[in-house]
Amino acid sequence: YKDRGLTDFEATLASMIEGMDKSLGDILGKIKQLGIEENTIVIFLSDNGSPSQCPQNLPLRGHKITPYEGGIRVPMLVKWPGVVKKNTVCVDPVIIEDFFPTILEMTGVKKYRQIVKIIDGKSFKPLLRGKSVNSAARDFFWHFPHFYDQEPYSVIRKGDWKLIYWYKESKIELYNIPDDISEANNLAAVHPEKTKQMATKLSKYLREVNAGRP
């Protein structure tokens, strides 16, 4: 890749992507070789958006570690033979902590809720079966109480609305994601009641889970 004129960072990134692609291919090939392809579920996704050294993933704003869509919105692919229909698309959001209850339910573990009393995520197994779920009624939370590349922040997403709270300056940002996917227009002052409602929900949740503060 360096011989093609790429910078050190670009060459490293390209090499890592190629290595990941080959590793995934090796795993899928081995599954097929073992004859368990039709009895194996594959879930593939990124854990965050692209790093800041990369070109911005427009129209999404931000990058890895930021609270904007470019930092937290990633695609996910699921292969579940006989259950997930090929070439189907689901636009309902899920979050990484949903994997725990989802995988348990996928594998037929039925009594895990009797053992694990507190479960942060929600199973998205119904979505994989093509069933509708009222995602708009659900609250999603992100919490970053660190000074590392970014200042500390917390985020709540509910339906179309997303609120970001920046701790250092007590600054609040409010966005309507479907209308403003690039998060260019802060509507906090335009919708004070919505801002107050979501900020209250966010504060209550952080206290309930005893979240660390910067």
Side-chain angles (χ1 to χ4, degrees), residues 17 20-21 23-50 57 60 62 64-65 67-144 154-164 175-178 181 198 201-202 204-206 208-211:
I17 291 173
M20 180 188 65
D21 187 54
S23 296
L24 180 60
D26 290 343
I27 291 170
L28 295 178
K30 190 64 176 180
I31 288 170
K32 189 172 184 179
Q33 180 188 9
L34 293 172
I36 58 174
E37 187 177 17
E38 295 304 309
N39 192 36
T40 300
I41 300 168
V42 178
I43 305 175
F44 183 79
L45 81 161
S46 173
D47 59 342
N48 49 244
S50 61
N57 188 21
L60 304 184
K64 176 182 177 180
I65 305 180
Y68 302 109
E69 296 297 280
I72 61 177
R73 176 188 288 245
V74 297
M76 179 174 71
L77 305 175
V78 179
K79 179 184 178 184
W80 189 359
V83 178
V84 174
K85 295 182 180 179
K86 293 182 179 180
N87 302 317
T88 55
V89 177
C90 176
V91 298
D92 291 81
V94 299
I95 197 166
I96 195 75
E97 50 260 39
D98 294 344
F99 276 39
F100 178 67
T102 302
I103 292 173
L104 289 175
E105 291 186 10
M106 282 174 159
T107 53
V109 178
K110 297 179 180 180
K111 296 184 178 181
Y112 68 92
R113 292 187 181 275
Q114 298 176 19
I115 302 170
V116 185
K117 300 303 181 183
I118 299 176
I119 298 174
D120 294 327
K122 294 186 178 182
S123 173
F124 54 83
K125 182 181 174 183
L127 294 175
L128 299 177
R129 292 185 175 276
K131 297 180 180 179
S132 60
V133 174
N134 186 12
S135 296
R138 182 181 180 186
D139 299 328
F140 292 90
F141 299 96
W142 294 263
H143 183 53
F144 187 79
S154 294
V155 182
I156 178 175
R157 169 80 187 266
K158 185 177 183 67
D160 294 343
W161 294 93
K162 175 179 170 185
L163 180 141
I164 304 170
Y175 301 101
N176 185 296
I177 299 302
I181 190 65
M198 295 190 67
K201 271 181 167 286
L202 177 59
K204 181 181 178 182
Y205 172 79
L206 294 174
E208 287 177 350
V209 299
N210 196 29

Point-to-point distance, once rounded to the nearest 0.5 Å, from CD1 of I31 to CG of D26: 11.0 Å
Test item: I164 and Y68 side chains (from C-beta on) under 4.5 Å apart, heavy atoms: yes
Sub-4.5 Å side-chain heavy-atom contact between K30 and L34: yes
Note, D92 side chain near F124 side chain (heavy atom, < 4.5 Å): no
Closest contact, heavy atoms only, K125 versus M106: CD-N, 4.4 Å
Contact check, side chains of L163 and K201, non-hydrogen atoms, under 4.5 Å: no
Closest non-hydrogen atom pair, I103 against T107: O-OG1, 2.9 Å
Step-by-step side-chain contact (heavy atoms from CB on, under 4.5 Å) determination, R73 to I181: CA-CA 11 Å; R73 176 188 288 245; I181 190 65; 3.6 Å; yes
Charged N-O contact under 4.0 Å between D98 and K122: no
Any donor-acceptor N/O pair, K162 side chain to N176 backbone, under 3.5 Å: no
Beyond-backbone contact of F99 with L45, side-chain heavy atoms, under 4.5 angstrom: yes
More than 12 heavy atoms from other groups under 6.0 Å of CG on N210: no
Qualifying residues under salt bridge (Lys or Arg N to Asp or Glu O under 4.0 Å), relative to D120, sequence neighbours excluded: none
Pairing residues for K204 by the side-chain contact (heavy atoms from CB on, under 4.5 Å) criterion, not counting sequence neighbours: R207, E208
Closest contact, heavy atoms only, F141 versus I95: O-CD1, 3.8 Å
Residue list, salt bridge (Lys or Arg N to Asp or Glu O under 4.0 Å) with D47, at least two apart or on another chain: none
Side-chain donor or acceptor of R113 paired with backbone N/O of I115 under 3.5 Å: no
Point-to-point distance, once rounded to the nearest 0.5 Å, from OG of S154 to CG of L202: 5.5 Å
Residue pair R129 / V83, side-chain heavy-atom distance below 4.5 Å: yes
W142 and I72: CA distance, side-chain angles, deciding distance, side-chain contact (heavy atoms from CB on, under 4.5 Å) verdict: CA-CA 9 Å; W142 294 263; I72 61 177; 3.7 Å; yes
Beyond-backbone contact of Y205 with I156, side-chain heavy atoms, under 4.5 angstrom: no
Test item: V209 and H143 side chains (from C-beta on) under 4.5 Å apart, heavy atoms: no
